[in-house]
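Everything quoted here is computed from the prediction, not taken from an experiment. Convention: sequence-line order gives letters A, B, ...; per-chain numbering from 1.
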Number of protein chains: 2
Amino acid sequence: MAMSPILLYNGSIEQNFHESGEYVVTIKDIAQMAGVSFTTVSKALNGEPGVREETRNKILAIASKLNYVPNLAARRLVDRKSDSIGLIWPNKSGLFLYHLFEQFQIQAEKAGYSVMVALGNPTASVRTFMKHFVDTIVVWPSSENTSPEFIQAREAFQGTLLMFNSSPSPYYHTISIDRQEAIQQAVDHLAGLGHRKISFIGYNSEKITGFDRATQLLELEEHPDRLIFTPKNAAESWNRVADMLRKPKSQRPTALIVDSYIAMFKLLKLCKTYSLRIPEDFSLIAYDDVPELEEITDIAVTTVGPSVEHLASAALDILFELRQGHPAEVGHRHVKVASQLTVRGTTRPVSDYAL
Amino acid sequence: MAMSPILLYNGSIEQNFHESGEYVVTIKDIAQMAGVSFTTVSKALNGEPGVREETRNKILAIASKLNYVPNLAARRLVDRKSDSIGLIWPNKSGLFLYHLFEQFQIQAEKAGYSVMVALGNPTASVRTFMKHFVDTIVVWPSSENTSPEFIQAREAFQGTLLMFNSSPSPYYHTISIDRQEAIQQAVDHLAGLGHRKISFIGYNSEKITGFDRATQLLELEEHPDRLIFTPKNAAESWNRVADMLRKPKSQRPTALIVDSYIAMFKLLKLCKTYSLRIPEDFSLIAYDDVPELEEITDIAVTTVGPSVEHLASAALDILFELRQGHPAEVGHRHVKVASQLTVRGTTRPVSDYAL
DNA sequence: CTGAAAGCGCTTACAG
DNA sequence: CTGAAAGCGCTTACAG
């Protein structure tokens, strides 16, 4: 008969094997070896008061000798806290989200949270997080967010929910980006360089509103290509951009603002087609600030948009507050994050574009 | 007195409140509503045989209506399984990893696993996953992997460990990429187009070996720029690339192979500086296949490298096997994934580069 | 200071 | 096909 590994521990403690065949030490084993009840072991291990110093030390010594690892499943079954945050990353969200989440995790880890990300279908992600005791879920929006399944899943979730890029809601905390102001900033900067004939290429309504406002405020020039509306999945709308690029210099705008870095790449391709160059032929500002863009493009693009640092810390500030205060008395927060203009190489004074 | 939310469900099921004050549904609730024992509910929910179809359907309907989410801690306490996979994503891993993990999660979800990703420090990530009862961890390597902390953490982890991009190991399952063969494929393709003077720009030793082999096998031309070694963090090594680009056409290679898409962007920038164009002045093959590159670059680049689909399914195949077989009798697997050449627009017959 | 007992939500023999 | 009971490892009132 094979000897039980237990005998190594010089006592007749219970046997307890992991599926992998490894022996697993529990508080009962420790209790038996220490000659106390497992209640006392639990207290000693958790630093609860009411255990004699001598007893505690003895227990601690045995625990460490046996390489005791607490079974978190058991602990979790009793007290449901995990201090962890789940981030929902919908498919096809691209580089910006990667940087935001990376930044979020760095900041959250410093604050003692553990962070996990779920890719793919947001509804499934919520379920996964619930299963794994995540107590805060942070959502980056996607079209899925308005589906009944998603709504049902988020309602079933009992923890804290925070939604990026969302208008205020009675159901969860929200963070929005001041896109309007971002585009106004961009126009301001261009106007400061003397530009009077500026085009906006994009489709987001907030950004368009910002563009309209700034145009009026600064009394910029009206021209047929002032606004080129390029809705998603409407490739043909880019023909208008092409038309604009083909016009003689005197009829073209001197500066362009694009909606996103995706749009920027499309624009750059078109420019190449028509042998136009940036910033030699146009000044350009792109919304979205993705750090490695500089690595990828051969020009350093002036950008405007929220910084990932600000977005991440805005979200975490809300969570900190909640952690401290009594959740019940804190309503659902809403924070609007400002944008930042980062001037790089693609914005030049209008005099550079003189005929 | 406030009405308990329970009353909505038309039964006097037990009350069970989360610390946040919200109600949590358990199998007991479902049992009471269905008028069966919770043992039966457990069986029905887990697809065990021995439950009448009608009963099962009733239970399933109630469960979904109540938004039941199984308590993993409880389940885990009994059978130490969670059918979930944690992916370790070290900082600064870039686009390729994003696509790989996205693909992995799509395939894993189909097979009934739930997948979570941890960003940042790999050691902390292992701990996070342990805390959350992940039973399989998949690691994308980083320099951290050889640190004592990481090794200790992965040894403490009781589940299945799989390491991408690694040579065989007695401690975990491994998947490697046949980089040597990848570069050989690239050279073969170029040679097939008649190229005899090819440069490799990069630093990975396997890839360099592949290049050397192919060069010998095909008896390609020796020339001073055959291999331009550009180690990471050695910006000055790119001067040699610049030197090569400045040479007169007769002295330059006709085709280039780069190590990674990062290197490709550097090359493209340099080409622009010297008014050289791809593929007009050079054929080009880049290692790494990142789908949105086509969107970003203005040229469709011919690439070689493992497809994310293959890498993901290779990893999952190992996990499937383990799930089915008896873990004890299955050793640690090693799989080598082949590469794929995707011919796009940057490889042309050598005659196009005739003087 | 210490311990017996109840219970967290679930699975799994086992008995009907 | 269904259910009563034991038990996974732990924490937490509660009683001594």
Side-chain angles (χ1 to χ4, degrees), chain A residues 13-20 22-60 63 66-82 130-133 158, chain B residues 13-19 22-60 63 66-83 130-131 133 135 158:
Chain A
I13 51 184
E14 288 165 39
Q15 296 191 11
N16 184 6
F17 291 90
H18 189 259
E19 92 176 274
S20 68
E22 300 204 44
Y23 181 77
V24 176
V25 179
T26 73
I27 53 172
K28 289 184 183 169
D29 301 326
I30 299 173
Q32 207 157 128
M33 287 192 59
V36 296
S37 76
F38 65 83
T39 305
T40 302
V41 173
S42 173
K43 282 179 194 148
L45 257 24
N46 290 312
E48 302 282 321
V51 181
R52 194 149 42 101
E53 204 50 31
E54 199 192 321
T55 316
R56 183 188 304 276
N57 289 146
K58 187 174 176 189
I59 289 169
L60 256 33
L66 296 195
N67 258 316
Y68 171 73
V69 179
N71 182 320
L72 283 170
R75 176 176 291 171
R76 193 60 59 65
L77 195 53
V78 180
D79 66 345
R80 315 157 175 274
K81 279 249 74 178
S82 70
M130 287 173 72
K131 251 174 64 175
H132 289 268
F133 307 106
Q158 302 116 11
Chain B
I13 52 185
E14 286 165 40
Q15 296 192 11
N16 181 5
F17 291 91
H18 189 256
E19 93 177 272
E22 301 215 33
Y23 183 77
V24 175
V25 179
T26 74
I27 53 171
K28 290 185 184 170
D29 301 326
I30 298 173
Q32 208 157 126
M33 286 191 61
V36 295
S37 74
F38 65 85
T39 306
T40 302
V41 173
S42 172
K43 282 178 195 148
L45 257 24
N46 290 311
E48 302 282 320
V51 181
R52 196 152 39 104
E53 204 48 32
E54 198 192 322
T55 316
R56 183 188 305 277
N57 289 146
K58 187 175 178 188
I59 289 170
L60 258 32
L66 297 194
N67 252 316
Y68 170 74
V69 178
N71 183 319
L72 243 203
R75 174 177 293 172
R76 182 82 190 183
L77 196 52
V78 180
D79 70 342
R80 308 152 179 281
K81 292 243 71 180
S82 69
D83 266 350
M130 287 174 71
K131 235 175 82 175
F133 313 115
D135 43 31
Q158 312 245 349

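Scanning both residues, I27(B) and Y68(B), for their nearest heavy atoms gives CG2-OH, 3.4 Å. The two atoms that bring A44(B) and V51(B) nearest to each other are N-CG2, 4.1 Å, heavy atoms only. Closest approach of R75(A) and N46(A) over heavy atoms only: NH2-OD1, 3.5 Å. When all heavy atoms are compared, the tightest approach of A31(B) to S37(B) is CB-C, 3.7 Å.
A distance-only check finds no donor-acceptor pair linking the side chain of R56(B) to the backbone of P49(B) [under 3.5 Å]. Under the 3.5 Å distance criterion, the side-chain polar atoms of N57(A) are left unmatched by any main-chain donor or acceptor of E54(A).
Distance CG (N71(B)) to C1' (dG7(C)): 13 Å, rounded to an integer number of Å. Distance, I59(A) CD1 to dC10(D) P: 13 Å, rounded to whole Å. Distance, K28(A) NZ to dG7(D) P: 9 Å, rounded to whole Å. K131(B) has its NZ atom 22 Å from the P atom of dG9(D), to the nearest Å. For the pair F133(A) CZ and dC8(C) C1', the interatomic distance rounds to 11 Å; values are reported in whole Å.
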Pairing of DNA chain C as dot-bracket, 5' to 3': ( ) intra-strand, [ ] crossing, | other strand, . unpaired, with Watson-Crick or G-U pairs under 3.5 Å? |||.||||||||.|||
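Between S37(A) and dG3(C) there is a side-chain N or O to OP1 or OP2 distance below 4.0 Å.
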Worked check of side chain to side chain contact (heavy atoms under 4.5 Å, CB included) between L66(B) and M33(B): CA-CA 10 Å; L66(B) 297 194; M33(B) 286 191 61; 3.8 Å; yes
Summarise how protein sits on nucleotides 11-16 of chain D as a single string, 5' to 3': B when a protein heavy atom is under 4.0 Å from the base, S for sugar-phosphate-only contact, - for no contact. BBB---
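In the set dC8(D), dT2(D), dC8(C), dT2(D) carries the atom at the smallest distance from any side-chain atom of T40(B).
Between the CD1 atom of I59(B) and the CD1 atom of I30(B) there is a distance of 8.0 Å, given to the nearest 0.5 Å.
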